[in-house]
Amino acid sequence: MLDLADAGGVAAACGAWRRDGNSIALVPTMGNLHAGHLALVDRARVLAERVVVSLYVNPTQFGANEDLASYPRTPVEDLAALRAAGVDLVYRPAEAEIYPRGPARAFGVRVPSAYADTLCGTFRPGHFDGVASVVLRLLLQVRPDVAVFGEKDYQQLLVIRRLVADLRLAVDIEGVPVIREPDGLAMSSRNRYLTAAQRRQAPALYRALVAAADALAAGQVPDEVSRRGVETIAAAGLRPQYFEVRGADDLVPAPAAGQALRVLVAAHAGTTRLIDNIAVPPHPRALANGVDVTEN
Ligand code: PAF
């Protein structure tokens, strides 16, 4: 049975579940749910006895020229999907429940530069501060045992893991692999902005990531792999912002030997910004700027 709660209702329901010994999973979302979100819900249902999904388009993670006003809002469809998915509680807060004195006067989290000012953060200043601030508020309100996030927003997932570790919050953070369309395009609420022509171009991102993962596994150096990725995406008609090989755990540009890698990409199709990433298993050697830096 699905309930729609305000902040007081969330506190009451979660308090009662905790007293009954039930574990709680939180799936934070901005709504406009698709199969990627429902995979998070499925994972949450495996991990905990009670599942809470939040639907809140968080203003503090959007830049001045970004799509806050036009971000797709589909609450009726979202509630139907969550009901069918067996969610226990939906938290759809009013702005005052998240930011009682308004977003501009809210206390917030400052994400350290190593995580905030790289990759997506370079192009979206303040974005990760906004994400970390709202996620912290949601975690404090719901107090879940586990919170579930998609690996599609890989940098976001790492920021949240670091936030939780740094503040010693008693919650597990679970990442769920990217859910893709049959042609490889990562599912995203923003895919609906794509024209038919852009939709045909967009899977080039995933193809370039797969090629990059193969090249790294074959021993090609990260700089060369990145350069090729940028070229491939541009040749497909997309406008790349970055195509980078990073350490999977810390996003460092020159990962140490034996560290798992992640290839991450952001590009525009028209005015729509798309992101994606792929895992690469640990490489036996540390490769920095084309030089094998492994110590003998
Ligand atoms: O990934 C999202 O949908 C959002 O960034 C999140 C985690 C719900 C915070 O607003």
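Atoms within each ligand, like the ligands themselves, are counted from 1 in listed order. If you read the sequence from its start, that first residue is 1, and numbering goes on from there.
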Notebook entry, point to check: Hey, is CZ on R143 packed in by over 12 heavy atoms from elsewhere, all under 6.0 Å?
Noted result: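 Result for CZ/R143: open.
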
Margin query: Test of understanding: given a 4.0 Å heavy-atom threshold, classify the contact between I160 and ligand 1 as side chain, backbone, both, or neither.
Written below: neither

Check each atom of ligand 1 against the heavy atoms of [X] and keep those under 4.0 Å away; list them by number with element.
{"X": "Q156", "answer": "1 (O), 2 (C), 4 (C), 5 (O), 7 (C)"}
{"X": "M30", "answer": "3 (O), 4 (C), 8 (C), 10 (O)"}
{"X": "V134", "answer": "9 (C), 10 (O)"}
{"X": "Q61", "answer": "4 (C), 5 (O), 9 (C), 10 (O)"}

Note to self: Tell me whether N58 contacts the main-chain N or O of G130 through its side chain, where contact means a donor paired with an acceptor under 3.5 Å.
What the structure shows: yes

Checklist line | Heavy-atom donor-acceptor pair, N277 side chain to E151 backbone, under 3.5 Å | finding: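 Indeed, once roles are kept as given, a pair shorter than 3.5 Å links the two residues.
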
Notebook entry, point to check: What class does the angle between the rings of Y99 and Y56 fall in, given that below 30° is parallel, 30 to 60° is tilted and above 60° is perpendicular?
Noted result: tilted

Item checked: Any N or O of Y56 closer than 3.5 Å to N or O of ligand 1 -> no

Notebook entry, point to check: Has R262 got its NZ or CZ under 6.0 Å from the middle of the six-membered ring of Y154, at an angle within 45 degrees of the ring axis?
Noted result: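 Relative to the ring axis of Y154, which defines the angle, R262 lies inside both limits.
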
